[in-house]
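The structure under discussion appears below in the form of structure tokens.
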Amino acid sequence: QAQLATTTHTTPLHLLSTDGGTLLLPHTTPTDTLHHLITTLSQAARVPITATVITTPTHEIPTAADQAHQLLDMVTRLHSEPGLYRFDDLALEYQLTRPGPGREYLGSLLTPLDHHPELLQTLRTHIAHNLNRQKTARLLHVHTNTVDYRLKRVAQLTGFDPTQASGLWYLRSALVARSYGD
């Protein structure tokens with residue numbers, strides 16, 4: 001809270017706890033200031049911070065706060081890297097989480113991986129870390145060749161190749177949809 005007050009040079013409305021919190025900042029706060037705020041608060045708390053931002057008129061603050069928490073839940077379910085996420089960054093993922101036949105179909109695309117949890121974990125980690133093979137291998141404590149082999153197996157089992165744009169799009173969408181179907 002002290003770092004928040006000194007970083008913003010104002011007294012933003014906030015509700016903070018050891019598990020997270022909600023801040024209400026003026027609409028005039030520039031994006032680079034928000035990134036700086038997240039970085040500074042993360043350093044002060046000594047933990048990585050993940051934040052979502054919704055811009056809204058004053059009379060829609062309760063709805064926007066709920067939407068921001070839904071976005072944060074989505075980012076958490078997708079195991080995304082810590083950082084600042086705006087609704088504009090997540091609009092597609094947000095829509096994929098809405099109930100309906102599309103979400104059910106997309107979630108079912110990963111059914112062939114149900115008996116191969118290491119493949120699903122590799123796919124999830126690889127996508128969450130921006131397709132970085134070395135980082136994926138490091139996080140999973142395997143060799144980069146193992147990551148390549150697992151991604152090829154994902155392609156064989158699902159019919160969607162995660163190394164191709166169209167296959168990656170479907171697999172990422174399936175991960176989003178499945179995170180809300182489970």
Q | Sub-4.5 Å side-chain heavy-atom contact between V53 and F87 | A | no
Q) Between NE2 of H129 and CZ of R124, what distance do you get to the nearest 0.5 Å? A) 12.5 Å
Q: State yes or no: do L119 and L139 share one hydrophobic cluster built from I, L, V, M, F, W and Y residues joined by side-chain heavy-atom distances below 4.5 Å, directly or via other members?
A: no
Q: Answer yes or no: does atom CD of Q95 have more than 12 heavy-atom neighbours from other residues, nucleotides or ligands under 6.0 Å?
A: no
Q.
Starting from V154, can I reach Y149 by hopping between I/L/V/M/F/W/Y residues whose side chains sit under 4.5 Å apart?
A. no
**Q.** Residue pair R86, T52: steps toward the side chain to side chain contact (heavy atoms under 4.5 Å, CB included) verdict
**A.** CA-CA 6 Å; R86 297 181 161 283; T52 56; over 6 Å; no
Q: Quick one: list whatever passes salt bridge (Lys or Arg N to Asp or Glu O under 4.0 Å) with E104, sequence neighbours left out.
A: none
Q. Rounded to the nearest 0.5 Å, how far does CD of Q134 lie from OG1 of T144?
A. 6.0 Å
Q. Does the side chain to side chain contact (heavy atoms under 4.5 Å, CB included) test come out yes or no for L123 and L110, once each step is laid out?
A. CA-CA 10 Å; L123 178 65; L110 298 176; 4.2 Å; yes
Q) Can you name the nearest heavy-atom pair linking H69 to A65, along with the distance? A) ND1-O, 2.8 Å
**Q.** salt bridge (Lys or Arg N to Asp or Glu O under 4.0 Å) partners of R133, counting only residues at least two apart
**A.** D148
Between side-chain atoms of residues 167-177 and protein atoms elsewhere (two or more places apart, or another chain), which donor-acceptor pairs fall under 3.5 Å?
| from | atom 1 | to | atom 2 | distance (Å) |
| --- | --- | --- | --- | --- |
| R172 | NH2 | E93 | OE2 | 3.0 |
| S173 | OG | W169 | O | 2.8 |

Q. What distance do H36 atom NE2 and L84 atom CG have between them, rounded to the nearest 0.5 Å?
A. 13.5 Å
**Q.** From CA spacing to verdict: side chain to side chain contact (heavy atoms under 4.5 Å, CB included), L140, R150
**A.** CA-CA 12 Å; L140 296 175; R150 289 179 181 179; 4.2 Å; yes
Q) Less than 4.5 Å apart, any side-chain heavy atom of T56 and any of T63? A) no
Q. Partners of D73 by salt bridge (Lys or Arg N to Asp or Glu O under 4.0 Å), sequence neighbours excluded?
A. R77
(Q) Rounded to the nearest 0.5 Å, what separates atom CG in L96 from atom CE in M74? (A) 9.0 Å
Q: Output all residues satisfying salt bridge (Lys or Arg N to Asp or Glu O under 4.0 Å) with D114, sequence neighbours left out; order by chain, then residue number.
A: R178
Q.
Between Q121 and T125, is the side-chain hydrogen bond (donor to acceptor under 3.5 Å, both in side chains) condition met? List the steps.
A. CA-CA 6 Å; Q121 182 61 28; T125 304; 3.1 Å; yes
Q: Identify the two heavy atoms, one from P112 and one from H116, that lie closest to each other, and give their separation to 0.1 Å.
A: O-CD2, 3.5 Å
Q) Do V147 and V142 have side chains that get closer than 4.5 Å, going by heavy atoms? A) yes
Q | Spacing of OG1 belonging to T146 relative to CD belonging to E118, to within rounding of 0.5 Å | A | 11.0 Å
Q: Report the distance from atom CG of N132 to atom CD of E81, rounding to the nearest 0.5 Å.
A: 8.5 Å
Q: List in chain and number order the residues that pass side chain to side chain donor-acceptor pair (under 3.5 Å) with T111, two or more places apart in sequence or in another chain; answer none if no residue qualifies.
A: none
(Q) For a quick check under 3.5 Å, do R153 and Q156 share a side-chain donor-acceptor pair by atom type? (A) yes
Q) Just wondering, do Y85 and T50 contact through their side chains at under 4.5 Å, heavy atoms? A) yes
Q: Cation-pi check, R103 to Y105: give yes when NZ or CZ is under 6.0 Å from the six-membered ring centre and within 45° of the ring axis, no otherwise.
A: no
Q: Specify the closest pair of heavy atoms between L78 and S179, including all atoms of both residues, with the distance to one decimal.
A: CD2-OG, 4.1 Å
**Q.** Derivation of the side chain to side chain contact (heavy atoms under 4.5 Å, CB included) call for S42 and V47
**A.** CA-CA 5 Å; S42 183; V47 295; 5.6 Å; no
